Amino acid sequence: MVAKRIRFYYGIFLSVLTAVLGALFIAQAVTILADGDWVQGAYSREIVAEHLFPVSIVLYVWIAAIVAGFVLSLIFPYNEKQVKTYRGRETLHRLSSRIPEGSGEEYEADLKKVREEKLSRLIIYTMCAAICFIGVIVSAVYLFRSDNFTSPDKNMSMLYMLLNVGPWVLVIFGTCIFMASFEQHSIDREITALKHLIASNKGNPVIVANTQKNAVLLKIQAFFGNKYFKLGVRIAVGAVAVALVLVGIFCTEGARDVFIKAINICTECIGLG
């Protein structure tokens with residue numbers, strides 16, 4: 001139990017530290033590019049070293065954490081048998097098919113808890129879908145408006161893009177993470193209420209209406225769970241990604257700008273050539 005707790009907190013620490021390190025690298029890179037403005041000598045070794053020195057401290061801590069994780073794996077070896085897959089949905093479906101008949105205030109209170117948890121999850125699903133939809137639409141409108149990228153200063157165009165699109169990306173990710181966490185806790189609470197309801201009315205006839213899923217829902221689940229549908233989605237996403245990369249290369253000057261900036265960094269900072 002102690003080993004499991006140590007690995008759990010170590011995983012959280014390393015994840016947060018990795019995210020902080022990545023954010024610092026991105027922030028310093030954007031700052032260097034924004035301050036450079038294509039001026040000769042803007043990417044000198046001194047300037048880059050000045051911006052990246054604070055990041056190097058976090059990098060050394062991150063490397064030390066990686067080494068510490070290796071040591072922890074030797075002290076507290078990972079036992080695969082201890083891993084338990086969360087099967088809340090399967091348990092919930094199984095218990096929902098065994099709801100017995102009953103009456104009384106306690107019975108109605110348990111049923112009310114079950115309904116409230118189902119309703120709360122439906123509300124969370126709807127809110128998450130709405131936030132994701134709004135975020136995608138707003139981001140797409142900004143990205144597909146060519147006047148947002150007509151400025152000769154490409155650095156500022158990218159910065160404005162990050163300021164307008166980045167927050168929506170963070171909100172969508174945060175909403176999905178919250179939804180997943182809320183869903184698990186809600187399912188656990190509903191399972192507890194169902195267990196109490198079944199135990200309190202043991203021996204009563206089972207309500208047959210709760211043993212069958214909605215036929216439309218079954219068809220929808222079968223459609224989205226079909227392996228050919230998943231394969232088609234992967235192919236479509238891959239094709240769109242390749243198409244956007246080709247558009248960026250041949251229809252805009254973004255690839256050329258990146259190439260020139262890479263040349264400047266290599267020649268002025270690293271000293272190659």
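The residues of the chain are indexed from 1 along the displayed sequence. Values in this document were obtained by computation on a predicted structure and should not be read as measured data.
Note on Lys118 versus Glu190: salt bridge recorded, some NZ/NE/NH1/NH2 to OD/OE distance being below 4.0 Å. A salt bridge links Arg189 with Glu117: at least one charged nitrogen is closer than 4.0 Å to a carboxylate oxygen.
Under the 4.5 Å side-chain contact rule for hydrophobic residues, Val242 and Val245 share a cluster. A continuous path of hydrophobic side-chain contacts links Ile12 to Leu17 [ILVMFWY only; heavy atoms under 4.5 Å]. Leu170 and Val16 are not part of a single hydrophobic cluster, where members link through side-chain heavy atoms under 4.5 Å apart.
Residue Val58 comes nearest to Leu21 through the heavy atom pair CG1-CD1, 4.0 Å, listed as atom of the first residue, atom of the second, then distance. Nearest heavy-atom pair across Gly69 and Tyr10 is CA-OH, 3.1 Å. Scanning both residues, Gly135 and Trp168, for their nearest heavy atoms gives CA-CE3, 3.4 Å.
Taken to the nearest 0.5 Å, the CD1 atom of Ile124 stands 9.0 Å off from the CE atom of Met179. The distance from the CD atom of Glu116 to the CD1 atom of Ile123 is 10.5 Å, given to the nearest 0.5 Å. Rounding to the nearest 0.5 angstrom, the gap separating the OG atom in Ser96 from the CD1 atom in Ile191 is 8.5 Å. Within the model, atoms OG1 of Thr192 and CD1 of Ile187 stand 12.0 Å from one another, a figure rounded to the nearest 0.5 Å. One distance of note links CZ of Arg94 with OG1 of Thr91; it measures 4.5 Å at 0.5 Å rounding. Between the CG atom of Asn148 and the OH atom of Tyr160 there is a distance of 11.5 Å, given to the nearest 0.5 Å.
Under the rule for a side-chain contact (heavy atoms from CB on, under 4.5 Å), the partners of Leu143 that lie at least two apart in sequence or sit in another chain are Phe149, Met161, Val165.
Atom CZ of Phe133 has 12 or fewer neighbouring heavy atoms from other residues, nucleotides or ligands inside a 6.0 Å radius. The environment of Phe173 atom CZ is sparse: at most 12 non-hydrogen atoms of other residues, nucleotides or ligands sit within 6.0 angstrom. The neighbour count for Glu105 CD, taken as heavy atoms of other residues, nucleotides or ligands under 6.0 Å away, does not exceed 12.
Within the 4.5 Å cutoff, no side-chain heavy atoms of Leu24 are placed close to those of Pro54. Contact annotation: the side chain of Leu197 never approaches that of Leu95 to less than 4.5 Å [non-hydrogen atoms, C-beta and beyond].
In this structure, Ser186 contributes its side chain and Glu183 its backbone to no donor-acceptor pair below 3.5 Å.
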